[in-house]
Amino acid sequence: MLRNRMFCSSILIAMAIATSSCRALYDAKRPYQVYEKPAEYFAPLVNNAEEARAEEPTIVLENPEYPIELSLYKDKTFRYYLARLGDGQGTWTYKDGHIQLYAERKLFVMQMQMHSTVPDADAEIVALEFSDRFGPKFLPLTKK
């Protein structure tokens, strides 16, 4: 009986430590402010649907420091290239003034958000947010 209680206590303590150590990843402060935008704001960043089958899309968003490249398509799909992971594809949706991106890899699921980082509606300045195994990432994206 005493062993059982000690085992349960050990599990509860381990769970508390594990949970508290992960919490900081989700409370990370953005290094910029984000702005909700209408879907039209993101339209200049989206390739035609027929370009999804092309080798070289017209519009490629990148952050060379991470390094990541993204191409959005009007059929609500996107393709990406990550230096260490290679090519992949997923789907995107517009929701609550931002773009939500979703892709499945063999070992994990990618969930990312694309936000406007400027208040005026004419700009196409966006940032990509997601968490990887090292924590949250806030990447400004530019057209390649």
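The figures here come from the full heavy-atom set of this structure, side chains too, leaving out hydrogens, waters and symmetry mates.
There is a path of hydrophobic side-chain contacts, each under 4.5 Å, that joins Ile68 to Leu85. Both Leu141 and Phe130 belong to a single network of hydrophobic side chains, linked directly or stepwise wherever heavy atoms of I, L, V, M, F, W or Y lie under 4.5 Å apart. Neither Tyr73 nor Tyr102 shares a network with the other; the hydrophobic side chains, linked directly or stepwise wherever heavy atoms of I, L, V, M, F, W or Y lie under 4.5 Å apart, form separate groups for each. Linking ILVMFWY residues whenever their side-chain heavy atoms come closer than 4.5 Å, directly or via other members, leaves Val34 and Leu70 in distinct clusters. A continuous path of Ile, Leu, Val, Met, Phe, Trp and Tyr side chains, each step under 4.5 Å between heavy atoms, connects Leu139 with Val118, placing both in one hydrophobic cluster.
Under 3.5 Å, the side chains of Ser116 and Tyr41 contain a donor-acceptor pair of N or O atoms. Looking at Asp132 and Tyr66, their side chains do bring a donor and an acceptor atom within 3.5 Å of each other.
A heavy-atom distance below 4.5 Å is found between the side chains of Met110 and Arg105. Contact of the Gln111 side chain with the Gln100 side chain is not registered, since no non-hydrogen atoms from C-beta on lie closer than 4.5 Å. Tyr81 is not listed as a side-chain neighbour of Val60, based on a closest heavy-atom distance of 4.5 Å or more. Residues Val126 and Thr117 form no side-chain contact, since every pair of their non-hydrogen atoms from C-beta on lies 4.5 Å or further apart.
Closest of all the heavy-atom pairs between Ser131 and Pro136 is OG-CA, 3.6 Å. Taking every heavy atom of both residues into account, Phe138 and Pro140 meet most closely at O-CD, 3.6 Å. Considering every non-hydrogen atom in both Val46 and Phe42, the closest pair reads CG2-O, 3.5 Å. The shortest non-hydrogen separation linking His98 to Tyr35 is CE1-O, 3.7 Å. Of all non-hydrogen atoms in Asn48 and Lys74, the two that sit nearest each other are OD1-NZ, 3.5 Å. Taking every heavy atom of both residues into account, Ile59 and Ser71 meet most closely at O-OG, 3.4 Å.
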> Would Leu45 and Leu61 satisfy side chain to side chain contact (heavy atoms under 4.5 Å, CB included), going step by step from the backbone distance to the final call?
Replying inline: CA-CA 8 Å; Leu45 305 176; Leu61 302 171; 3.9 Å; yes
> Going through the distances and angles, do Lys143 and Glu124 end up as a salt bridge (Lys or Arg N to Asp or Glu O under 4.0 Å)?
Replying inline: CA-CA 9 Å; Lys143 285 186 180 180; Glu124 297 171 12; 3.1 Å; yes
>> I'd like to know whether Glu129 forms a side chain to side chain contact (heavy atoms under 4.5 Å, CB included) with Met114, so could you lay out the CA-CA distance, the side-chain angles of the two residues, the decisive distance to 0.1 Å, and finally the verdict.
In response: CA-CA 6 Å; Glu129 296 181 6; Met114 188 179 296; over 6 Å; no
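Of the inter-residue distances, the one linking Leu72 atom CG with Thr77 atom OG1 reads 8.5 Å to the nearest 0.5 angstrom. If you take CG on Asp87 and CG on Leu82, they are separated by 9.5 Å, rounding to the nearest 0.5 Å. Atom CG of Leu101 is separated from atom OG1 of Thr91 by 8.0 Å, given to the nearest 0.5 angstrom. Separating the NZ atom in Lys144 from the OG1 atom in Thr58 is a distance of 13.0 Å, to the nearest 0.5 Å. Separating the CH2 atom in Trp92 from the NZ atom in Lys76 is a distance of 3.5 Å, to the nearest 0.5 Å. Put simply, OG1 on Thr142 and CD1 on Ile125 are 10.5 Å apart, with the number rounded to the nearest 0.5 Å.
A salt bridge is absent between Glu69 and Arg79; no separation between the charged side-chain nitrogens and carboxylate oxygens falls under 4.0 Å.
Heavy-atom contacts from other residues, nucleotides or ligands closer than 6.0 Å to CD of Gln89 number 12 or fewer.
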